[in-house]
Amino acid sequence: MDLPSDASLLDAVGEGVLVVNVNEHELYAGERLARWPAAVREQVRRVCIDVLRHDAADRSSRRFQLAAGEDHHLEVVVGRSTHDREQVAVAVIFDASEHRRLQRKIDAIDKAGAELVRIESQAVDAMTPAERLKVVEERVIRATRDLMSFDHFCIRLVDPNGSKLEPVLSDGLPPEALDVELVADDEANGISGYVARTGRSYICHDVGRDSRYIPGLDGAQSSLTVPLTLDDTIVGVLNVESRSLGAFDEDDRQFAEIFGRYVAIAMSILRLLVSERAATNKKVADNVAGEVAGPLNDIALDAQSLLDDFVGEEKLHDRLRAILQNVEQIREGMRDASKGPNVLLGTRSREVSIEPEVHDAISGARVLVVDDEESIRETVAAVLKKHRAVVTTCRTGREAINTLQAGFDLILSDIRMPDLSGYDVFAATRTLAQPPAVILMTGFGYDPNHCIVRASQEGLSAILFKPFRVDQMLQEVRRAIGASQAASS
């Protein structure tokens with residue numbers, strides 16, 4: 001039995017077609033089968049025969065995949081039918097190479113995304129906040145560049161206290177592209193502003209023909225921008241640029257959107273990792289103060305009672321008075337810690353009274369201290385002067401920038417100030433012929449303007465989270481000055 005002469009119309013299906021009868025004869029083989037190796041055709045024929053050997057009442061189809069060479073994958077669907085009262089098996093062969101490629105890409109993105117947001121608690125606990133920042137930053141940049149093959153990109157996050165889009169991480173883009181101020185608005189704020197406002201991804205096939213495009217990468221010809229969403233909230237955008245026309249298609253958009261969700265989670269983790277220490281300082285201090293208040297009172301009462309009992313015992317009195325003094329220092333330390341960020345811990349301890357080392361790196365160093373809080377500014381300055389640093393103080397970021405030409409080895413600046421931010425001070429130092437080392441101070445954890453992340457990527461020496469201890473500050477100051485001197489020598 002043969003199929004009708006017009007059976008060649010089956011080729012209109014657009015895929016390979018094979019029809020086999022119960023006698024294992026091929027009744028029809030579409031022209032498209034010729035593109036595949038003979039071994040593929042034979043394997044499809046055998047599956048057709050297996051289908052025909054099953055119970056005739058079983059009309060279920062079989063679906064399987066075949067490899068047709070190193071880069072080609074086929075998907076085959078075989079079903080049962082009746083023609084002229086004879087059972088036949090019909091196989092349709094689809095080229096699934098592109099589908100498999102896309103699936104592998106999605107699987108790779110999923111795997112990379114899982115790695116992106118994987119944080120080992122033991123490793124993280126041993127890290128400083130700056131090290132935590134660096135780990136997440138490096139993972140995001142590596143995944144974006146190596147997995148997605150995006151060599152020129154910028155991640156901007158929405159300021160939680162407004163709608164400004166702050167550049168947080170970037171790779172391959174010039175500094176002037178990051179300095180463009182954008183807000184989440186679809187009018188006059190470029191493609192990034194439009195995406196952040198609407199939540200819609202945007203492919204710009206030709207930047208010369210798109211009025212929304214704001215110049216970024218030198219010689220850019222096309223771009224892709226996707227929103228970063230977390231819990232249905234737009235937290236930022238991922239903008240990618242290329243020097244080729246039409247470099248991005250719908251597949252790239254789909255992949256970038258999936259990847260963007262992981263980036264949003266990673267940015268959230270970064271924020272939590274950095275803010276955790278600062279946010280919990282006061283809570284921990286309050287808890288500790290509450291737990292030790294009773295025992296401290298008992299010690300003080302016992303010491304005072306002994307003072308009253310042993311009149312004339314001067315040596316014993318000296319020791320008891322020292323105990324009472326230690327108790328009061330502990331109480332003061334607890335009160336300081338519970339006050340929050342506007343305090344420096346350890347200023348009453350032995351650390352401040354210890355004479356500087358003979359070859360202390362701080363000795364003779366020119367240091368600029370910038371903080372709008374007088375207590376912090378003056379206390380930090382006093383500690384550094386004790387270690388023979390030459391200290392200048394400023395109350396505002398603008399005042400500090402105007403003072404930079406005086407020349408400094410180190411700048412200690414608060415991040416949040418009334419006019420300009422600590423990042424603005426840091427950025428201004430980068431324009432100097434010999435930029436000083438910069439340490440930023442913050443009592444607010446992950447700052448809303450994302451200064452910490454951006455400055456860390458651009459060479460920030462260290463971050464101090466208030467309230468910090470004097471010895472911790474001195475350690476970071478010595479390290480920063482030493483590294484700066486080594487780099488300039």
Side-chain angles (χ1 to χ4, degrees), residues 1-117 143 147-149 201 203 224 226 248-262:
M1 181 201 69
D2 294 325
L3 291 180
S5 59
D6 63 353
S8 59
L9 291 174
L10 289 172
D11 278 330
V13 172
E15 307 293 344
V17 178
L18 181 66
V19 182
V20 179
N21 66 8
V22 291
N23 296 321
E24 303 183 8
H25 294 151
E26 294 183 3
L27 302 183
Y28 178 81
E31 294 180 359
R32 291 181 179 272
L33 281 177
R35 72 175 66 176
W36 309 119
V40 170
R41 178 169 174 170
E42 176 60 22
Q43 191 167 350
V44 174
R45 190 180 74 86
R46 291 190 177 279
V47 174
C48 289
I49 294 171
D50 288 343
V51 168
L52 289 171
R53 287 175 178 172
H54 280 77
D55 186 354
D58 184 3
R59 295 287 177 172
S60 61
S61 61
R62 290 183 57 185
R63 183 183 296 267
F64 63 98
Q65 295 180 341
L66 293 175
E70 184 176 348
D71 298 324
H72 288 91
H73 300 271
L74 304 178
E75 185 169 325
V76 183
V77 180
V78 182
R80 192 182 188 121
S81 185
T82 303
H83 180 71
D84 285 346
R85 292 177 293 179
E86 184 179 18
Q87 296 292 310
V88 296
V90 181
V92 181
I93 302 95
F94 303 88
D95 185 349
S97 302
E98 182 66 12
H99 174 76
R100 286 288 297 276
R101 185 187 71 81
L102 298 181
Q103 189 59 53
R104 285 199 303 270
K105 186 81 170 181
I106 292 173
D107 290 344
I109 291 173
D110 192 54
K111 181 179 179 181
E115 170 65 18
L116 198 64
V117 301
L147 173 67
M148 301 298 295
S149 299
S201 297
I203 299 177
L224 167 65
V226 298
F248 308 102
D249 57 20
E250 285 300 311
D251 289 339
D252 293 312
R253 179 193 60 76
Q254 179 186 13
F255 296 148
E257 287 181 353
I258 295 171
F259 182 69
R261 288 194 284 272
Y262 284 112

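Hydrogens, waters and symmetry mates are skipped; everything else that's a heavy atom, side chains included, is used.
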(request) With rounding to the nearest 0.5 Å, note down the distance linking CD in E24 to CZ in R53. (result) 5.0 Å

(message) Any side-chain to backbone donor/acceptor pair from R80 onto V51? Under 3.5 Å, distance only.
(response) yes

(message) I'd like to know if E257 and R261 make a salt bridge, using a cut-off of under 4.0 Å between side-chain N and carboxylate O.
(response) no

(request) Indicate the atoms forming the closest heavy-atom contact of A89 with C48, along with that distance. (result) CB-O, 3.5 Å

(message) Which heavy atom of E86 sits nearest to which heavy atom of V22, and what is that distance?
(response) OE2-CG2, 3.6 Å

(request) Answer yes or no: is there a side-chain heavy-atom contact under 4.5 Å between F64 and V78? (result) yes

(request) Measure the spacing between CG of L18 and CD of E26 and express it to the nearest 0.5 Å. (result) 5.0 Å

(message) Rounded to the nearest 0.5 Å, what separates atom CG in D252 from atom OG in S149?
(response) 9.5 Å

(message) If you compare all heavy atoms of L224 against all heavy atoms of I203, which two are closest, and at what distance to 0.1 Å?
(response) CD1-CG1, 3.7 Å

(message) Closer than 3.5 angstrom, by distance alone: can the side chain of R62 be matched with the main-chain N or O of V76 as a donor-acceptor pair?
(response) no

(message) Within this structure, what is the CG-CG distance for the pair L27 and N21, rounded to the nearest 0.5 Å?
(response) 4.5 Å

(request) Without swapping roles, check the side chain of D249 against the backbone of D251 for a donor-acceptor pair under 3.5 Å. (result) yes

(message) I need the D95 CG to E75 CD distance, nearest 0.5 Å.
(response) 10.5 Å

